[in-house]
Structures are given as structure tokens and as C-alpha cells.
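As the structure lists them, so they are numbered: ligands from 1, and atoms in each ligand from 1. The structure presented is a predicted model; accordingly, all values stated were derived computationally and were not measured.
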Amino acid sequence: MTALQPARGTHDLIGEEQRRFQRVVDTARRVAATYGFDEWQTPIFEDTNVFSRTLGDTSDVVTKEMYTFQDRGGDSVTLRPEATAGVCRALVSNGLTQSLPQKVFVAGPMFRYERPQKGRYRQFHQIDIELIGPAEPLADAEVIACGWDILKALKVDTDTVLELNTLGDKQSRDAYRDALVAYFTEHQAALSQDSLNRLDRNPMRILDSKDEADRRIVADAPTIAPYLTDAAKAFYDKLKDHLVRFRVPFVENPRIVRGLDYYGHTAFEFVTTKLGAQGTVMAGGRYDGLVAEMGGPLTPAVGLAAGIERLSMLMDAPPPAPAPVAVIPIGDAAEPVAIEVMQSLRANGIRAEMSYRGNIKRRMERANRTGARAAVILGDDDIANGVAQVKDLASGTQEAVPFAHIPSRLK
Ligand code: ATP
Ligand code: MG
């Protein structure tokens with residue numbers, strides 16, 4: 001029989017890869033907690049409407065990338081492509097819209113039907129933070145500062161630049177939209193089919209096109225700056241002032257728009273030069289309309305998400321798993337005592353292992369092969385005296401230690 005393969009765009013996490021992954025999640029969770037974010041878990045699949053009604057019917061995610069299927073009861077469900085919509089749905093479902101602010105941390109798998117390549121998978125994983133409630137730019141700055149601190153804690157900040165933009169308020173966007181439609185209509189002969197489709201419905205999305213020809217046209221497209229209302233400009237200026245106070249360096253990039261339709265005001269990406277076309281490691285923005293689209297009250301919010309795989313690839317290798325202690329009984333009669341000793345080590349938080357079979361020579365070989373730091377050797381005579389031989393496998397020194405003292409000796 002031919003061996004079964006993993007589904008396209010999925011990957012197994014084993015050994016160092018899993019340790020990298022875990023380090024990213026643990027670090028993000030710890031840093032986010034210092035900012036007051038609490039972890040939520042929302043379902044991996046939701047009613048399709050949770051995404052299709054809210055992410056925007058011109059977004060790549062909704063038009064091409066969703067894993068949507070009918071379940072056996074005939075309901076349309078979708079594997080979550082991102083976390084924000086589910087969090088907003090949960091906020092409303094759990095009656096939390098009057099208990100604001102809510103500061104939420106989420107980590108877990110997301111699903112998008114994409115062409116797999118380095119840093120781009122069909123099942124990938126994100127860490128995600130959402131600050132729901134405040135309308136003030138201080139909240140945007142705090143979310144960005146938290147993201148920056150996560151990158152710093154992972155030591156990937158030196159390769160990463162924060163690119164910042166504003167999408168303005170509705171009035172700014174409407175005016176800007178007209179300017180974009182005029183500009184892109186002039187150049188429509190050279191636009192890709194995708195971009196032509198967006199021209200009427202959501203021309204701002206063309207700015208995010210990855211098509212080469214589109215990008216040349218986008219390079220000379222108008223920016224939003226002249227169309228910002230005074231209020232939108234004041235919001236953006238305030239955010240930039242706050243970022244200086246939070247000591248988060250940034251550059252402005254008027255081409256940053258978010259891949260999903262629900263954003264306004266703040267849009268940002270943390271970008272690295274080290275991952276080629278998949279250079280965006282963390283991205284987010286303000287989405288004041290989303291909770292209302294879930295059927296809740298109008299609720300301002302801002303958040304970000306980062307790809308765990310991309311962060312894992314950027315960071316230095318994490319330390320290996322701690323070296324174990326090998327427990328080695330000599331002869332079958334010693335095995336019950338060896339089990340007791342092994343369990344006392346584990347109960348004291350020490351990684352301890354015993355082979356399932358073999359003579360002392362085999363067991364010592366295996367201890368060395370697994371990188372054990374010490375061996376606890378139990379022979380019948382020693383057991384009769386209530387001691388074991390504890391051997392330091394780095395130095396080779398060995399001494400008899402009473403059973404009760406073995407854990408503290410090896411701590
Ligand atoms: P891209 O432009 O790379 O497609 P996006 O704008 O679709 O990214 P977001 O929806 O903003 O991405 O998701 C936030 C982060 O999640 C990205 O910056 C990236 O790190 C990660 N990410 C998104 N899609 C994938 C994927 N298919 N595989 C791995 N990571 C991903
Ligand atoms: Mg994408």
C-alpha cells in the first residue's frame with residue numbers, strides 16, 4: 001500500500017519545529033498578559049455567515065480562500081480563516097457588549113485555500129489580540145506596542161519594520177474612493193481581471209494587489225492624505241504621537257490597506273525583508289463596524305494577528321528539550337524499585353526515563369544516545385542498602401546516594 005500523505009498545504013510539527021512554534025505562542029501569551037489581554041478560545045468552525053457577511057465580498061479570503069462546506073445536517077459551515085470575526089461573534093453571543101473594554105488573546109489554527117509555498121499554508125496558525133471598546137487612538141497604539149513587544153521578546157524586531165497607514169473615517173474613504181476610481185478607470189486597460197472586478201465594488205483593495213502589472217499602476221495612484229477629514233487626520237496624528245511615547249519605531253506607507261474589508265482608520269503591518277514575498281509577519285488595524293455587523297451594538301475595536309509559522313522561521317533556534325536522567329535497573333528484580341525512583345524524580349519536575357528492556361550495557365548506550373545528563377543505576381546490593389549509584393554522564397563521576405536524596409541531588 002502506498003503511504004498516505006499529509007493534505008496539501010498542511011504540515012506536521014515535530015521536534016525543533018514544534019519547540020519554535022510553542023516558544024512563539026508562549027511568548028506572545030506572556031507579553032499579551034502583561035498588557036491585560038485574557039485568552040479566549042472560540043470554535044475552529046463557525047456558521048459561514050460569520051465570515052461571509054463581515055470580511056467583505058471582495059476580499060481574497062471570502063472570494064477564493066474559504067474552506068466552506070455543508071455539514072450532514074445541511075448547514076453551511078466554514079473553517080475559520082482568521083480570528084477577529086469569531087471573537088466579535090463570541091462577544092455578542094456571550095452578552096459582553098456592555099462589559100467593555102474586552103481585551104482578548106487568541107492562538108490557534110486558521111484555514112485558507114491558498115497556493116502553498118514557503119510561509120503560506122492552508123492550515124496555518126496565528127496569535128491574535130483584540131482590544132474591543134475604546135475608540136481612542138491610545139488603544140491602537142497599545143495594540144501595536146504589544147505586537148512590537150512580542151517581536152522584541154522573540155528577538156525578531158531587528159529585521160522587522162512597522163509600516164503604518166490610515167484608512168480614514170467613512171467620509172475620507174468615500175472621497176478617496178472617488179479619486180481612486182477616477183485614476184484606475186484611466187488605467188483600466190492595464191489592470192488585472194481581479195482588480196477590474198474590484199474597481200466598482202472596492203477600489204482600495206486594488207492597492208493590495210500582488211499582480212506585477214497592477215503594482216506598477218498602484219505605484220502612482222493617489223494617496224489618501226489629501227482626502228482625510230480633520231477628524232481622521234487628528235486621529236492619525238494622535239496615534240503617531242502615542243507610538244513615539246510607546247517607543248515603537250515606524251515608517252508611514254500609504255499603500256497599506258488590509259486584506260479584509262472591515263477596517264477603518266489605523267492599518268499597519270510589521271514587515272521583514274527575510275521571508276521574500278511572505279514578508280508580512282504581523283498585521284492589523286481598527287475595525288469599528290464589525291461588532292455591529294455581527295448583530296451587536298456599534299462597538300469600536302482594534303486588533304492584530306501574526307502568523308506563527310512566519311515568526312517561527314525568523315527566530316533563533318530555541319533551546320533543546322532538557323536532557324533526561326536515565327534510570328537503569330540491573331536485572332528484573334531491580335525494576336520495581338527503579339520505577340519508584342523514576343516516579344520520585346518526575347514528581348520533582350525532573351525529566352526521567354527508563355528503557356523498556358535490555359541489559360546494563362544496552363541501557364547505558366541508550367542513555368548516552370538520548371543525551372542523558374545522568375544515570376541512576378540500581379543493582380541488587382545497592383538496593384539492599386537503600387542507595388543507588390548516581391553517575392554524572394558529562395564528568396563520569398559516580399557516587400552512592402540514598403533513595404530519598406536522589407531528586408534533590410539531580411535538581
Ligand atoms: P498575505 O498578504 O501574506 O496573504 P494577509 O493579508 O492575507 O497576508 P492577514 O489576513 O492579515 O494576512 O493575516 C495576518 C498574518 O497571518 C499574516 O501577516 C501572516 O503572517 C499570516 N498568514 C496569513 N495567511 C497565511 C497563510 N496562508 N499561511 C501562513 N501564514 C499566513
Ligand atoms: Mg492572504
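Some N or O of Gly307 is nearer than 3.5 Å to an N or O of ligand 1, by distance alone.
Taking only non-hydrogen atoms, the option from Arg310, Arg112, Glu82 nearest to atom 10 (O) of ligand 1 is Arg112.
Within the listing of ligand 1, atoms 17 (C), 18 (O), 19 (C), 20 (O) sit less than 4.0 angstrom from a heavy atom of Thr280. For ligand 1, the atoms lying closer than 4.0 Å to a non-hydrogen atom of Glu114 are 24 (N), 25 (C), 26 (C), 27 (N). Near Lys210, with a cut-off below 4.0 Å to any heavy atom, the atoms of ligand 1 are 1 (P), 2 (O), 4 (O).
Heavy atoms of Arg120 come nearer than 4.0 angstrom to ligand 1 in at least one pair.
Annotation: Phe21 is in aromatic contact with His125 [ring centroid separation under 6.0 Å].
Residue contacts with ligand 1, taken as heavy atom pairs separated by less than 4.0 Å, involve Gln126 solely via side-chain atoms from C-beta onward. Contacts between Val281 and ligand 1 below 4.0 angstrom, taking non-hydrogen atoms only, involve the backbone exclusively.
Annotation: cation-pi pair Arg122/Tyr113 present, NZ/CZ under 6.0 Å from the ring centroid and within 45° of its normal.
Side-chain atoms of Arg173 come within 3.5 Å of backbone atoms of Leu167 as a donor-acceptor pair (strictly under, hydrogens ignored).
Atom CZ of Arg177 has more than 12 neighbouring heavy atoms from other residues, nucleotides or ligands inside a 6.0 Å radius.
Ile129 pairs with exactly one of Val31, Val87, Leu304 by the side chain to side chain contact (heavy atoms under 4.5 Å, CB included) rule, that one being Leu304.
Lys233 has no carboxylate O lying under 4.0 Å from a charged side-chain N of Asp230, or vice versa, which leaves the two without a salt bridge.
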